[in-house]
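To start, the structure itself, in structure tokens.
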Amino acid sequence: MQSRVCFTLAALLMTGATQAAPDACAIDVEGRPGKQFGPDHIVVPSTCQEFTVRLIHTGKNSKEKAGHNWVLAKTEDIDAVMVDGIKAGAPHDFLAQGDARILAKTPMLGGGETATVTFPVSRLRAGQSYTYYCSFPAHAQHMRGTLVLQP
């Protein structure tokens, strides 16, 4: 019995050495009043197969008045994604439908709401610069953060 427990423990330890702990593959991000994300920088372990972002809108306003969402794209694409999103309008959360440049997104939230998005880490490349932002028009220019894949 003791050798079976030791073997199982050894197998679990070896598995853990090649994959990140589940909590390392997820993060809570707050969409705060004042057009801010907290945190404004995320590091994704390369050992994660998937990464989950839970967005928490900490404000009190409705999504129509001051909504928040979390949208991820390559930094080089962010301005074009934002412009195309404005054209798409509120019915589409200010995001162009089917835009392949959007790597992950949550729906637009009102105050007190939360949403989760999980995306495959295989969409990311080490050394590539990524930006996440809120696509609400009055927020999009200032409410941004950076995301990097840990090499």
Side-chain angles (χ1 to χ4, degrees), residues 12-151:
L12 288 172
L13 289 172
M14 287 179 10
T15 302
T18 59
Q19 292 185 329
D23 58 351
C25 298
I27 193 166
D28 285 350
V29 175
E30 292 182 349
R32 300 174 178 160
K35 304 173 191 167
Q36 297 177 346
F37 279 122
D40 62 2
H41 182 73
I42 298 172
V43 177
V44 176
S46 59
T47 52
C48 295
Q49 293 198 4
E50 294 183 325
F51 194 79
T52 299
V53 173
R54 182 174 71 146
L55 177 64
I56 305 161
H57 188 321
T58 63
K60 293 183 170 50
N61 288 318
S62 68
K63 73 177 186 177
E64 294 79 17
K65 187 173 180 181
H68 290 325
N69 64 352
W70 188 91
V71 182
L72 179 66
K74 291 179 182 176
T75 300
E76 64 197 43
D77 294 335
I78 203 76
D79 291 333
V81 168
M82 187 176 70
V83 168
D84 291 344
I86 296 293
K87 292 175 190 173
H92 302 289
D93 292 340
F94 303 101
L95 297 170
Q97 290 187 318
D99 190 336
R101 298 168 299 184
I102 297 172
L103 302 173
K105 64 180 180 168
T106 67
M108 191 68 67
L109 304 176
E113 295 180 323
T114 64
T116 301
V117 61
T118 299
F119 59 93
V121 173
S122 61
R123 289 186 184 167
L124 307 176
R125 298 285 174 252
Q128 175 69 53
S129 177
Y130 298 95
T131 296
Y132 55 94
Y133 81 108
C134 173
S135 66
F136 192 84
H139 300 179
Q141 255 332 345
H142 305 288
M143 193 171 177
R144 297 182 180 197
T146 58
L147 182 142
V148 295
L149 178 65
Q150 187 179 50

Legend entry - Contacts of Thr75 that satisfy side chain to side chain contact (heavy atoms under 4.5 Å, CB included) - sequence neighbours left out: Ser129, Thr131
Are any of the side-chain heavy atoms of [X] and [Y] separated by less than 4.5 Å?
X: Phe51; Y: Ile27; result: yes
X: Val121; Y: Ser46; result: no
X: Leu72; Y: Leu124; result: yes
X: Leu95; Y: Lys105; result: yes
X: Thr146; Y: Tyr132; result: no
X: Phe37; Y: Met143; result: yes
X: Val29; Y: Ile56; result: no

Inset, instruction - Taking His139 for its side chain and Gly67 for its backbone only, find out whether a donor-acceptor pair lies under 3.5 Å. - result: yes
Legend entry - Any side-chain donor near an acceptor of the partner, Glu113 and His57, under 3.5 Å: no
Inset, instruction - Please determine, by modelled atom types, if Ser135 and Asn69 share a side-chain donor-acceptor pair under 3.5 angstrom. - result: yes
Inset, instruction - Apply salt bridge (Lys or Arg N to Asp or Glu O under 4.0 Å) to Asp28 and list each qualifying residue two or more places apart in sequence or on a separate chain. - result: Arg54
Legend entry - salt_bridge(Asp84, Arg101) N-O dist < 4.0 Å: yes
Inset, instruction - Could you tell me whether His92 atom NE2 has more than 12 heavy atoms of other residues or ligands within 6.0 Å of it? - result: yes
